[in-house]
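Throughout, residue positions are numbered sequentially from 1 according to the sequence presented.
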Amino acid sequence: MDVLKAYVALTKPRIIELLLITTLPAMFLASGGLPAWDLVLWTLIGGMLAAGSANVFNCVLDRDIDEQMRRTRQRPMPRHQVGAVPATIFGLVLGVVSTLVLGLGANWLSAGLALAANAFYVFVYTMWLKRRTWQNIVWGGIAGCFPPLIGWTAVTNELAWAPLVMFGIVFAWTPPHTWALAMRYKDDYAAAKVPMLPVVMGPVPVAVRILVWTVVTVAISLVLWPVADTGLIYPIVAALTGAAFIVEAVMLLRRAQSGKVGASLRPMRLFHWSNSYLALIFLAMAIDPLVRLG
C-alpha cells in the first residue's frame, strides 16, 4: 500500500485537480451546454494521465532539488520510496496510455495537444528553464495552459479564439500565483539554487511584477466575454473576483513597500486567493451556457 501511495504521490494529484478545473469548463463552453458524458469521462481521464506523466518526469529530474527543499523533501523520490528507473517507466506508461485514451476517446488533436504540453513541461521547463532563469515560470508555465485547449478540441476537434483566450488567462495567472508561493519559500529555492524571481529580486520588485501580471490576467479574463459571446454571469464573476485579486496584489505590494519580509509579507494570502479566483471564473464559464440553455 505504501508503494502504491508513493507512485500516486509522484503524479502530484493536487496539481492535476487544478488542471482539470480548466479542462471541464472549456468543454461546457464549447458545447454550449452539457457535453456528452462519455466524452467528458475519457477527456478527463486522458488529461489526468497526461498531467500525471509530466509530473512523474518532473519528480525524477528534480529529485536533487526536492531533497534540498523543506516543502518537497517528503516527496517519494527524496525519501527513496521509488527508484529513478521504475519512476521513469511509470511516467512513460502514463504518457502512452493518456495519448491512446484521448486519441480514441476524444480525438487525435486533443491527444497531440496533451502530448505537446507534456513534452514542453519536461524538456523546456524542467530540463532547460527552471535552473537557468528567473523567467522559468513565465515561459515554462505555458505547459499548464493547455488543458482549456484540450477540453475545447475534445468537443469541437478544432481550435478557436475562445480557448486561446482561456490559454491566455492561465498563462498570465501563473506568474503571480507561483511567485507568491516562491516568496514564502524563498530560502528553500535559494538553498536549491533555483533562480525563482524572489531569490534574485527583492520583495518590492517582485510584488510590482505580481501586481502587473494580476492586472493582465483580469484584463484577459474579460476579453472572453465578447469573444465567446457569454451571458452576464461570466463577466460579472470575472469582474468581481478579478477586482478582489487585484486588491490582494496591491495589499502585498504595500506590505513589501513598508519593509515587511518573510512571513510578515503574507504572500500565501494571494497564493490561496489566486487558486480560488481561477476556480471561480472557470466555474462561471461552465455555468453560463447552462443558464442560457435553460
Side-chain angles (χ1 to χ4, degrees), residues 4-61 82 85-127 141-167 169-171 228 282-283 285-286 289-290 293:
L4 177 61
K5 288 181 179 178
Y7 275 96
V8 171
L10 286 175
T11 67
K12 302 182 184 178
R14 293 185 65 182
I15 295 178
I16 291 176
E17 289 175 11
L18 192 62
L19 296 176
L20 297 183
I21 284 173
T22 61
T23 303
L24 187 57
M27 299 184 73
F28 276 68
L29 205 57
S31 300
L34 286 172
W37 71 267
D38 55 335
L39 179 62
V40 170
L41 179 65
W42 292 121
T43 303
L44 293 185
I45 291 175
M48 178 179 65
L49 293 173
S53 171
N55 289 333
V56 170
F57 288 128
N58 176 262
C59 286
V60 173
L61 294 168
V82 182
V85 172
T88 301
I89 294 172
F90 179 52
L92 286 170
V93 170
L94 289 179
V96 171
V97 174
S98 70
T99 302
L100 293 174
V101 167
L102 283 170
L104 298 174
N107 55 65
W108 293 105
L109 175 57
S110 296
L113 288 169
L115 193 59
N118 193 326
F120 194 96
Y121 186 68
V122 174
F123 295 106
V124 178
Y125 172 65
T126 303
M127 296 182 67
I142 288 175
C145 305
F146 276 76
L149 302 183
I150 295 168
W152 183 280
T153 57
V155 173
T156 66
N157 201 21
E158 62 182 11
L159 288 170
W161 283 111
L164 291 175
V165 173
M166 295 180 224
F167 181 102
I169 293 170
V170 182
F171 175 77
F282 272 85
L283 178 62
M285 290 179 203
L290 295 178
L293 190 64

*asked:* Main chain of G33, side chain of S31: is a donor-acceptor contact present, judged purely on distance under 3.5 Å?
replied: no

For the residue pair N55 and T11, confirm or rule out a side-chain donor-acceptor distance under 3.5 Å. no

Please confirm whether the backbone N or O of A154 pairs with a side-chain atom of T43, one donor and one acceptor, at under 3.5 Å? no

Minimum side-chain heavy-atom gap M166-T22 below 4.5 Å:
no

### Task
Spell out, as yes or no, whether a donor-acceptor pair under 3.5 Å connects the side chain of S53 to the backbone of L49.
no

Rounding to 0.5 Å, atoms NZ (K12) and CG (N58) come to a distance of 3.5 Å

Do the non-hydrogen side-chain atoms of T88 and F57 ever get within less than 4.5 Å of each other? yes

Q) Do the side chains of L149 and L164 get nearer than 4.5 Å, heavy atoms only? A) yes

For A6 and V82 the tightest heavy-atom approach is CB-CG2, 3.8 Å

F167 side chain near I142 side chain, heavy-atom distance below 4.5 Å | yes

Does some side-chain heavy atom of P13 sit less than 4.5 Å from a side-chain heavy atom of V8? yes

task: Check whether any side-chain N or O of T126 sits under 3.5 Å from a backbone N or O of F123 as a donor-acceptor pair, and report yes or no.
output: no

Without swapping roles, check the side chain of T153 against the backbone of I150 for a donor-acceptor pair under 3.5 Å.
yes

**Asked** Is the gap between the ring centers of F90 and Y7 under 6.0 Å?
**Response** yes

Paired with F282, the side chain to side chain contact (heavy atoms under 4.5 Å, CB included) test is passed by just one of L18, L29, T23, V170, namely V170

message = In the structure I gave you, are the side-chain heavy atoms of T99 and W108 within less than 4.5 Å of one another anywhere?
response = yes

Tightest non-hydrogen contact, residues L39 and G105, listed as CD1-O, 3.7 Å

Side chains of M48 and L19: does their closest heavy-atom pair fall under 4.5 Å? no

Give a yes or no answer on whether the side chain of S98 reaches the backbone of L94 with a donor-acceptor pair at less than 3.5 Å.
yes

